[in-house]
Amino acid sequence: MSPEWPSDNLDFLTPEEMRLRLMEAQEFSSRVNTLTELSLKVDAARSREEIIRILKDNLKRLIDGECAFIGLLSHNKTHYVISTLSPLMDAIELDHKHFSIDVGMPGWSIKNKAGIMVDIDSAPSSHPTLEGKLKDLGIRSMIIVPVLTHEDMLGALVFGSSKPNAFIDPDIWLAQLLSLQTAIALRHTSLLERAQKRAAQIGLVNQVAKKLTSTLNIDELLASASEAIQKDFQYFDVTIFLRIPNGRDLVLAAHSGNFIDFLPHGYRQKIGEGIVGWVAEHGESVLANDVSLDARFLAHQYHNTNSELALPIVSDDEVVGVLNVEDTKLYAFDDTDILVLETLCDQIGSAVRNARLFDEIKRTNDRLVELDRLKTDFVGIVSHDFRTPLSTIMLAAKSLLRKEVNADRLREYLNIIVDQAGRLSLLAEDTLSIAKIESGQLSYQFKIVNVEGIIQEAVSMVKISARHTFSSSIDMSCSYVRGDQNKLRQVLQNLISNAIKYSPAGGQIHVSVLPSEEHPEDVLFSVSDDGLGIPEEYMGKLFQKYARVDIGEAGKIKGTGLGLWICREIIKAHGGKIWVDSEVGKGSKFHFTVKRGA
Ligand code: ADP
C-alpha cells in the first residue's frame, strides 16, 4: 500500500511514524533534485528525438512505474503519435502508432486539458488498442498529464504501474512539472528545427534554381529539377507532369525517388483525375497528409502512399504542369514544404517558358535555313527551266533563218516557238507571282469570267502535245464565275501543265466544271489525268511551298514545288478551296471551287 502524502497533524505521530515521514520527505526532495537535473537536460536538447531519449533514460528515477510513454499531436491536431519511454512497452509494439484524439486516455487528457490519476478499469476513456494492450502488460493504475505551453497543446505524458492505486499526489505534481518543462523544450526545438529547415531550404532553392537555368532542353531541365528536389530536400518520391498542349492528358515528364520503377516513362493521367489531375484542372495546390481521407486520391495497388502534396506549375497564367511529392508516412508535409515547393514551381514555370520559347525560335530558325536552301535550289531550277524553252526557241528560229523551208515545216517550227513561249510565259508569271505573294503585293481584278474562255486560253498556252488527249465539259449552270480572269487561267494552266508533266504519253486529261454539291453557290472545277498518281503520304502537304514528291518516277521530273502553292494562294483569295484525290499508278484529280458568276 502506498504511503499517504501529505499527512495530518505531526504532534500525534509516534517517533517511528516521524522517522518514516522524514524518510518520505528526503525521498521527495531527492526526486525534486532529479526533476531539476532532468529539466536542465531536456532544456538543452536540440531536437524532439533527443528530448525523447533523455526522458527515456531518466524517467524511472522520477516516477516509479513499469511503463511510460508520450503521445505527441500531429500537425493538424487530429491524431497523436506514441513514443514509448520504457523498455517494457516494446513488447506491445505501440511505438510510432497513430491514435485519433477521440481515442484513449491521452486523447481524453488532450481534449480536456487536464491531468488524472486513475485506476485503468475506471478510466473515463479507454480503448482496446491502447489501454487494452496496457492491461495485457499488467498495468493497473495510470497518471496522464497533458503536455502544453500557454499557446499550444502538444500531447500527453503517461505513466503506468502494475500496482493498483500506485500513485499519490506528489507523483502527479512531479509529472505535471516535468510535462511543462518538456512542453517548453519541445516548443523551442520545433521553432529551432523550423528555422534551420527554412534556412537550409532557402539555400537549396537557390541551388535548384541555378540548375534550372543551366539548360534550355525541357526534358533535361525537368529531370534535373526533379532529381535535385528529391535528393536535396530528401523527399520520398517526386514526379513532374506536363500538360499535353491542347489535350486532356498530363504526361509524366520526370520522376525521381522510391516509386520510380512503378510508373512507366510517358505514363499519362487524365486532367481532372486523381489529386494531380485535380491540381491541373483547378490550378490550386492540394495537401493531403492522409490520402485515405481525400476522395480525389487515385489509389495505385503498387503504391503505399500515405501523404501527397501536389502544386500547379504555371507559365503565362496557364497551368502547364504539376509538381507532385509523395511519402509513405502520414503527415509527411507541412507549410514549409508548400512554401518552398511553390517557389520552386514558379522557377520551373519560367524555365519551361524559356525552354519553349527557345524551341520555337530554334524551329523557326531551322525552317528559315531550310527555306533558304530551297530558295537556292529554286533559283537553279528556274534558271534551268527558263533556259530549256529559250534554247528550243533559239534553235527553231535559227533553223527558220538558215534553211529554205516549205509551208509545213514553217508551221511546225512556228508551233514549237509558240509552245515554248507559252511555257516561258507561265514560268515568268509564276515566278513573278511568288515574289508578289511573299511581299503581299499580288493584286486581283474581280469580274464575271467566262469559264469556257479561260479553259481555252489555258489550253492554248499550255499547248497540249500530240502525245496527250484533252477534253472538257462544262455544266450549263456554270458558264460564269466571279474572279480574276488571269489568275484563274493561271491556276488552270498550272493544273493542266502538271497533268501533262506527270502523265506518260497517251494520257488523257479532262477538265470538268460542275455545280458544287456541298455549296450550291460554288462552282467546282476538276482537272483529272490518268498519270503517275501521288503517294498517300505526300497528298496532305503538296500545296505547301516547295513541296514535291521526291521518290519514284515523279522524283525524276524537274520542278520547283511552287505551282500548287501559287494555285492555293489564288484560290484562297477567291474564297474557295483546293484539294486533290489521287491513287498511285491510276491518276490524279485536282479540284477547286470558286463563286458562281450569274
Ligand atoms: P512542280 O511540278 O514544279 O514540282 P507543283 O507545286 O506544281 O510543283 O507540284 C508539286 C508536286 O505535286 C509535284 O512535284 C508532283 O510531285 C506533284 N504533282 C502535281 N500535279 C501532279 C499530277 N497531276 N500528277 C502527279 N503528281 C502531281
Side-chain angles (χ1 to χ4, degrees), residues 370-371 373-389 422-438 442 455 458-459 461-462 464-465 467-472 487-512 525-572 577-592:
E370 170 71 1
L371 281 181
R373 189 184 66 73
L374 291 169
K375 265 198 174 160
T376 315
D377 290 357
F378 166 72
V379 172
I381 294 167
V382 166
S383 54
H384 165 273
D385 279 12
F386 269 96
R387 237 180 293 137
T388 320
R423 256 181 83 184
L424 264 183
S425 125
L426 177 65
L427 215 62
E429 197 173 18
D430 274 0
T431 316
L432 217 64
S433 300
I434 296 160
K436 285 191 172 169
I437 292 171
E438 282 188 329
L442 199 64
I455 296 177
V459 171
M461 292 187 84
V462 173
I464 312 278
S465 71
R467 299 183 306 143
H468 295 91
T469 49
F470 178 83
S471 57
S472 65
K487 305 280 186 313
L488 290 179
R489 189 260 309 140
Q490 192 181 349
V491 171
L492 279 167
Q493 202 177 329
N494 261 304
L495 295 181
I496 296 169
S497 90
N498 274 350
I500 297 170
K501 197 162 139 188
Y502 297 103
S503 302
Q508 298 197 359
I509 292 137
H510 183 75
V511 176
S512 73
F525 285 74
S526 306
V527 180
S528 59
D529 62 60
D530 49 6
L532 301 178
I534 299 161
E536 176 119 32
E537 65 270 26
Y538 286 86
M539 286 213 281
K541 42 188 176 192
L542 277 191
F543 296 93
Q544 288 172 12
K545 217 175 185 180
Y546 301 118
R548 308 203 66 238
V549 175
D550 49 10
I551 52 166
E553 277 305 300
K556 292 183 198 150
I557 301 170
K558 282 222 172 280
T560 56
L562 287 165
L564 291 180
W565 174 68
I566 294 171
C567 292
R568 189 191 69 179
E569 293 300 307
I570 293 175
I571 295 303
K572 208 163 71 185
K577 280 198 309 183
I578 184 164
W579 71 101
V580 61
D581 295 322
S582 183
E583 201 176 321
V584 174
K586 293 232 167 113
S588 312
K589 199 166 185 180
F590 282 82
H591 312 273
F592 67 88

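Nothing here was measured: the structure is a model prediction, and the numbers come from that model. Numbering of ligands and ligand atoms starts at 1, following listing order.
The line from CG of Asp581 to CE of Met539 is 7.0 Å long, rounded to the nearest 0.5 Å. One finds the CG atom of Asn494 at 7.5 Å from the CD1 atom of Ile570 (value rounded to the nearest 0.5 Å).
In this view, His591 and Trp579 satisfy the ring pair (Phe, Tyr, Trp, His ring centres under 6.0 Å) rule, not counting sequence neighbours. Evaluation of the ring pair (Phe, Tyr, Trp, His ring centres under 6.0 Å) rule for Phe590 yields no partner, not counting sequence neighbours.
Listed by first then second residue, pairs satisfying salt bridge (charged side-chain N to carboxylate O under 4.0 Å, His left out) with a partner in residues 424-433 read Glu429-Arg489, not counting sequence neighbours.
Looking at every heavy atom in both residues, Ile455 comes nearest to Phe470 through CG2-CZ, 4.2 Å.
Annotation: ligand 1 has protein neighbours Asn498, Ala499, Lys501, Tyr502, Asp529, Gly533, Ile534, Leu542, Ala547, Arg548, Val549, Gly559, Thr560, Gly561, Leu562, Gly563, Leu564, Ser588, Phe590, each with a heavy atom less than 4.0 angstrom from the ligand.
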